[in-house]
Amino acid sequence: MSELKTAATAVRENAYAPYSKFKVGAAVRAASGTIYAGCNVENVAYPEGTCAEAGAIAAMAAAGEYEITEVYVIAGSPTPVPPCGGCRQKLAEFGKGGVRVTLATTGGAEFSTTIADLLPGAFDAGHMEGA
Ligand code: THU
């Protein structure tokens, strides 16, 4: 099992998902090679919940790293879990378009994609030039 998969699978166990019952684990590798993991953390005020990807990115930034080089997301879904729109934008903030994103099920299915394929036509800082 890859290091990223191991980290995402392990952190998924800590997901706090009493409302959806849908546990998600995410792991990102940063430019240094270090892996940061996060799980979804729900809230009784539903919109206040946070996704696994957001948790992994927050852990990376908290450690002083800001460049993602690889991503792995795993959930107990029938097909590999697609990140929500907000998480696609969050991943695009810290990873180049070609960064590999592996989406997985706990049953062993994997789908490999990239940040650019997940968020085509992404809004970025270049669009604010000349404003
Ligand atoms: N969720 C994630 O953490 N990541 C995804 O990629 C998809 C959805 C979480 C949010 C919420 O806690 C639960 O899954 C159901 O939407």
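Count residues from 1 along the sequence. Because the structure is predicted, anything quoted here is derived from the model rather than measured. Atoms within each ligand, like the ligands themselves, are counted from 1 in listed order. Reckoned from all heavy atoms, side chains included, excluding hydrogens, waters and symmetry mates.
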What protein heavy atom is closest to [atom], reported as residue, atom name and distance in Å?
atom                    : result
atom 12 (O) of ligand 1 : E42 OE2, 2.6 Å
atom 6 (O) of ligand 1  : E53 OE2, 2.6 Å
atom 10 (C) of ligand 1 : C51 SG, 3.9 Å
atom 16 (O) of ligand 1 : F22 CD2, 4.8 Å

Handout entry: Residue A52 vicinity, atoms of ligand 1 by number, heavy atom under 4.0 Å
Key =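 In order of numbering, the contacting atoms are 2 (C), 3 (O).
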Practice task
Considering the heavy atoms of V24, write down every atom of ligand 1 situated less than 4.0 Å from one of them.
Solution key: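 Checking each atom against V24, I get 1 (N), 2 (C), 3 (O), 4 (N), 9 (C), 14 (O).
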Exercise for the section: Begin with the C-alpha distance, continue with both residues' side-chain angles, and end with the deciding distance and a verdict on side chain to side chain contact (heavy atoms under 4.5 Å, CB included) for R12 and T106. Expected result: CA-CA 10 Å; R12 179 179 167 274; T106 50; 3.6 Å; yes
Handout entry: Gap between atom CZ of R88 and atom NZ of K90 - 0.5 Å precision
Key =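 Rounded to the nearest 0.5 Å, the NZ-CZ separation comes out at 12.5 Å.
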Problem - Pairwise distance CG(L4) to OG1(T69) - rounded to 0.5 angstrom - result: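 The distance works out to 8.0 Å.
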Practice task
Determine, using heavy atoms of P83 and all atoms of ligand 1, whether some pair is separated by less than 4.0 Å.
Solution key: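 Right, P83 reaches ligand 1.
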Handout entry: K96/E67 under salt bridge (Lys or Arg N to Asp or Glu O under 4.0 Å): CA gap, chis, key distance, verdict
Key = CA-CA 8 Å; K96 295 188 174 66; E67 178 78 28; 3.2 Å; yes
Handout entry: Selection from N40, T50, L103 by shortest heavy-atom distance to atom 9 (C) of ligand 1
Key =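 Selected option, by shortest heavy-atom distance: N40.
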Exercise for the section: For ligand 1, note which part of P82 has a heavy atom under 4.0 Å away: side chain, backbone, both or neither. Expected result: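 The answer is the backbone of P82.
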Problem - For ligand 1, the portion of S20 having any non-hydrogen atom under 4.0 Å away - result: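 Contact part for S20 vs ligand 1: side chain (C-beta onward).
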Please tabulate, for the side chains in residues 110-117, all donor-acceptor contacts under 3.5 angstrom to protein atoms that are two or more places apart in sequence or on a different chain.
residue: E110; atom: OE2; partner: Y72; partner atom: OH; Å: 2.5
residue: S112; atom: OG; partner: R100; partner atom: NH1; Å: 2.9
residue: T114; atom: OG1; partner: D117; partner atom: N; Å: 3.1

Show me the donor-acceptor pairs, under 3.5 Å and distance only, between side chains in residues 26-44 and residues at least two apart or in other chains.
residue: R29; atom: NE; partner: E70; partner atom: OE1; Å: 3.2
residue: R29; atom: NH1; partner: G33; partner atom: O; Å: 3.4
residue: S32; atom: OG; partner: T34; partner atom: N; Å: 3.2
residue: S32; atom: OG; partner: T34; partner atom: OG1; Å: 3.1
residue: S32; atom: OG; partner: E65; partner atom: OE1; Å: 3.1
residue: S32; atom: OG; partner: E65; partner atom: OE2; Å: 2.6
residue: Y36; atom: OH; partner: E65; partner atom: OE2; Å: 2.7
residue: N40; atom: OD1; partner: V24; partner atom: N; Å: 2.9
residue: N40; atom: ND2; partner: F22; partner atom: O; Å: 2.8
residue: E42; atom: OE1; partner: Y19; partner atom: N; Å: 3.1
residue: E42; atom: OE1; partner: S20; partner atom: N; Å: 3.1
residue: E42; atom: OE2; partner: S20; partner atom: OG; Å: 2.5
residue: N43; atom: OD1; partner: A45; partner atom: N; Å: 2.8

Exercise for the section: List the steps, then state whether side chain to side chain contact (heavy atoms under 4.5 Å, CB included) holds for F123 with M128. Expected result: CA-CA 9 Å; F123 172 70; M128 293 190 288; 3.9 Å; yes
